[in-house]
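Notes follow once the structure below has been shown.
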Amino acid sequence: MKTNIVTTASGKANAYALFYVKKSIQFSNVLSEEAEKQVESVLNGMEDGPFEDLEFLEIDNQPTIFVNAAKERGLSSLDHLRMAAFRLAKKASKRQIPVVSIMLADAAPEQFKSILHGLHYADYKFDAYKSKQKDAFQVTFELVAGEHAAEFKKIADVVAIENKAIVLAKNLINTSSSDLTPAEFVENANTIAKYTPGLSIKVRNMKQLEKEGFMGHVTVGKGSSHEPYMITLSYDGSKSSKKAAKNARTSADHLVFVGKGLTFDTGGLCLKPPKSMPEMISDMSGAATVLAAIQAIATLELPIKVSAVCCLAENAIGNKSVLPGDIFTAKNGKTVMVDNTDAEGRLVLSDGLAEAGLIGATHIVDLATLTGAMVRALGYAVAGFFSNDDDLALKVINCGEACCEKFWSMPLEEEYADALKDHFADLKNTGSDAGAIAAALFLQEFVPENTAWTHWDIAGTAFVSKSWKYTDFGATGFGVQTLIELARRMSGVVCEEAANEDTDGEYVAVEA
Ligand code: BES
Ligand code: ZN
Ligand code: ZN
């Protein structure tokens with residue numbers, strides 16, 4: 001897929017594309033008066049829903065695809081646009097149309113951004129393991145932006161950077177675990193740090209982790225022949241970036257992402273049933289997401305200090321595996337009894353949270369495919385999140401909404417906190433039947449003092465086993481965009497209030 005952003009249609013297109021909602025057309029102001037009338041008569045002639053995409057009607061003597069931008073249920077109007085653009089791109093490629101003009105002169109920036117994201121999503125495929133790679137037909141999209149062309153070109157550059165990060169996360173998550181061991185993940189992160197200006201990296205191996213008391217990693221990782229690692233990536237945009245210099249409101253915040261990076265989770269000695277095991281290639285989604293997000297944030301040169309901690313281990317069975325009932329001392333001094341070896345994510349995350357404190361986090365976001373309970377509670381479309389800070393929680397919701405990623409606020413219910421207590425140790429790694437809450441309460445025990453924190457349980461949203469929105473099967477890339485947006489808003493590049501107005505207000509032209 002190629003995109004050209006132009007002011008007026010070049011005349012080279014083999015087809016026009018128009019987005020419509022119910023019976024009204026969107027972004028059409030570059031059409032001739034005659035064409036407007038034709039469009040009106042097509043839409044008026046339609047039955048009452050459900051509305052399908054209409055292909056190759058003649059408008060202005062040009063084959064035109066009418067794309068329904070309100071087809072699916074439950075999506076925001078921005079997400080409808082992503083889906084519409086995604087379907088359009090798939091269709092155009094399948095029908096082998098070389099050039100398609102999309103009329104977008106009336107689009108708001110957010111709408112334009114959504115359409116571009118949708119086009120990019122259609123381009124993704126993961127065929128590294130197929131014996132024969134099939135090349136999809138390459139379509140060029142001419143985005144007719146009218147007087148917004150210059151502004152939209154800048155947006156397209158941003159979307160390209162965001163998309164690159166999404167693709168990176170998805171590729172890492174989809175790669176099988178024997179090919180993406182903790183050491184391989186480190187290799188990838190090293191390469192990214194090397195080629196991303198402003199991004200530095202620190203890697204701790206098993207020996208260093210043990211020496212420094214990061215015993216969560218050691219406890220989980222020691223049963224595997226692939227040693228655990230903890231990576232800390234750092235980017236300081238508060239001082240060095242060009243954008244920081246221009247921006248009067250340079251942020252004093254230090255935003256730290258922490259990602260669960262279980263390159264595979266067998267469950268350990270508390271072995272998982274076979275049916276739920278293959279999906280555990282995605283148990284490093286949190287780590288992949290934070291790596292991808294910080295790469296994009298550094299590339300975008302956002303004026304804020306951001307770090308990303310990847311907690312990497314393989315939860316395997318070996319003669320050194322942690323035994324149920326074993327007790328270890330975590331980095332913050334608390335002792336933990338391993339009640340269930342399958343509740344390993346929270347153990348490595350205890351180290352990640354400690355590291356966030358050591359490097360001076362003011363705000364922590366941890367991402368983890370942490371509990372099956374969260375999958376059962378909210379499914380694949382919504383991530384549950386927890387927070388000890390109302391302001392940060394509101395930001396999560398707002399940033400998610402702007403990025404078409406759904407978040408639902410869950411309680412850090414203190415009534416269930418006692419269930420974490422152990423007879424011998426301070427804590428155990430299981431708790432109340434409310435499994436997602438129990439895990440979050442456990443993590444809270446390791447959050448550094450006076451630090452705003454939010455925990456995102458992405459067990460349901462990171463990886464889908466059937467086609468969902470713009471993902472066929474596999475990694476969704478969930479969270480990458482919301483993390484970038486959070487850094488963007490905290491940095492002051494986007495004013496929070498104005499941004500909310502944009503997504504909720506006038507720019508959303510038509511509600512489905
Ligand atoms: N990685 C799993 C959680 C998971 C489940 C992720 C399904 C994606 C899809 C996690 O390590 C786990 O096994 N959690 C246990 C905890 C329990 C033993 C307390 C769970 O949720 O069953
Ligand atoms: Zn597990
Ligand atoms: Zn796990």
Side-chain angles (χ1 to χ4, degrees), residues 173-174 177 180 182 185 216-217 219-221 223-224 226 228 258-289 310-317 321-326 336-352 366-384 386 410 416 419-420 422 427-443 445 455-466 468 473-476 478-479:
I173 295 166
N174 287 334
S177 298
L180 191 82
F185 192 109
H217 279 69
T219 302
V220 173
S224 168
H226 303 292
V258 178
K260 171 177 172 181
L262 264 294
T263 59
F264 197 70
D265 179 12
T266 65
L269 288 169
C270 306
L271 190 64
K272 280 187 182 297
K275 211 170 155 266
S276 54
M277 229 195 273
E279 195 184 321
M280 290 304 123
I281 64 163
S282 65
D283 213 21
M284 33 56 74
S285 296
T289 308
C310 302
C311 304
L312 303 164
E314 187 185 76
N315 190 18
I317 295 178
S321 286
V322 62
L323 307 174
D326 281 359
V336 180
M337 189 273 282
V338 180
D339 191 34
N340 190 318
T341 61
D342 198 10
E344 81 301 332
R346 63 200 78 179
L347 305 184
V348 294
L349 288 171
S350 74
D351 291 338
D366 82 66
L367 277 78
T369 45
L370 205 61
T371 64
M374 187 55 88
V375 186
R376 287 189 291 280
L378 299 181
Y380 51 81
V382 187
F386 301 79
M410 304 283 292
Y416 304 149
L420 291 172
D422 182 50
L427 295 164
K428 60 180 183 214
N429 71 340
T430 57
S432 91
D433 285 345
I437 298 177
L441 288 170
F442 181 90
L443 294 180
E445 296 285 332
H455 157 59
W456 301 357
D457 193 334
I458 56 170
T461 52
F463 194 93
V464 287
S465 49
K466 64 177 177 98
W468 171 60
F473 167 93
T476 61
F478 185 95

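First listed ligand is number 1; within each ligand, the first listed atom is number 1. Sequence positions, counted from 1, serve as the residue numbers for this chain.
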(request) Apply side chain to side chain contact (heavy atoms under 4.5 Å, CB included) to the pair Ile281 and Phe264, showing each step before the final yes or no. (result) CA-CA 5 Å; Ile281 64 163; Phe264 197 70; 4.1 Å; yes

(message) A side-chain contact here means heavy atoms from C-beta on lying under 4.5 Å apart; do Met280 and Leu262 qualify?
(response) no

(message) If we ignore hydrogens and angles and just use 3.5 Å, is the side chain of Ser321 paired with the main-chain N or O of Ala316 as donor and acceptor?
(response) yes

(message) Under 4.0 Å from a heavy atom of Ala459: which atoms of ligand 1 are those, numbered in the order shown and with their elements?
(response) 6 (C), 8 (C), 9 (C)

(request) With heavy atoms only and a cut-off of under 4.0 Å, state how Asn429 meets ligand 1: side chain, backbone, both or neither. (result) neither

(message) Checking the side chain of Thr263 only, and the main-chain atoms of Ser177 only, is there a donor and an acceptor separated by less than 3.5 Å?
(response) no

(message) Return the closest protein heavy atom for atom 22 (O) of ligand 1 as residue, atom name and distance.
(response) Gly372 N, 4.3 Å

(message) Could you measure the distance from the CZ atom of Phe463 to the CD1 atom of Ile173? Nearest 0.5 Å is fine.
(response) 8.5 Å

(message) Below 2.8 Å, can you find an N, O or S atom of Asp283 next to the Zn ion (ligand 2)?
(response) no

(message) If you define the side chain from C-beta out and look only at heavy atoms, does anything of Thr369 sit under 4.5 Å from Ile458?
(response) yes

(request) Going by the side chain to side chain contact (heavy atoms under 4.5 Å, CB included) test, name the single residue among Thr219, Asn315, Asn429 that passes it with Glu344. (result) Asn315

(request) Check each atom of ligand 1 against the heavy atoms of Arg346 and keep those under 4.0 Å away; list them by number with element. (result) 16 (C), 19 (C)

(request) Using 2.8 Å as a strict upper limit, say whether an N, O or S atom of Lys260 approaches the Zn ion (ligand 3) that closely. (result) yes

(request) Compute the shortest N/O to N/O distance between Thr371 and ligand 1 and return yes if it is under 3.5 Å, no if not. (result) no

(request) Give the residue and atom name of whichever protein heavy atom lies nearest to atom 15 (C) of ligand 1, and the separation in Å to one decimal. (result) Asp342 O, 4.0 Å

(request) For the atoms OD1 of Asp342 and OD2 of Asp265, give the angle they form at the Zn ion (ligand 2), rounded to 10 degrees. (result) 100°

(request) Starting from atom 14 (N) of ligand 1, find the nearest protein heavy-atom neighbour and note its residue, name and distance. (result) Leu370 O, 3.4 Å

(request) Please round to the nearest 0.5 Å and tell me the distance separating atom CG of Leu347 and atom CG of Leu443. (result) 9.5 Å

(message) Heavy atom to atom 6 (C) of ligand 1, shortest distance: which of Asp339, Thr369, Thr341, Asn340 holds it?
(response) Thr369

(message) Heavy atoms only: which of Met280, Arg376, Met374, Glu344 lies closest to atom 9 (C) of ligand 1?
(response) Met280

(request) Any atoms of ligand 1 less than 4.0 Å from a non-hydrogen atom of Lys272? List them with their elements. (result) 2 (C), 12 (C), 13 (O)

(request) Could you tell me which non-hydrogen atom of Asn174 sits nearest to which non-hydrogen atom of Ala475, and how far apart they are? (result) OD1-N, 2.9 Å

(message) Using a 4.0 Å cutoff against the non-hydrogen atoms of Asp283, which atoms of ligand 1 qualify?
(response) 1 (N)

(message) Nearest N/O/S atom of Glu344 with respect to the Zn ion (ligand 3), by atom name, please.
(response) OE2

(request) Report yes if some heavy atom in the side chain of Thr461 is under 4.5 Å from a heavy atom in the side chain of Val382; otherwise report no. (result) no

(request) Note the single closest protein heavy atom to atom 2 (C) of ligand 1, along with its residue, its atom name and the distance in Å. (result) Asp265 OD2, 3.6 Å

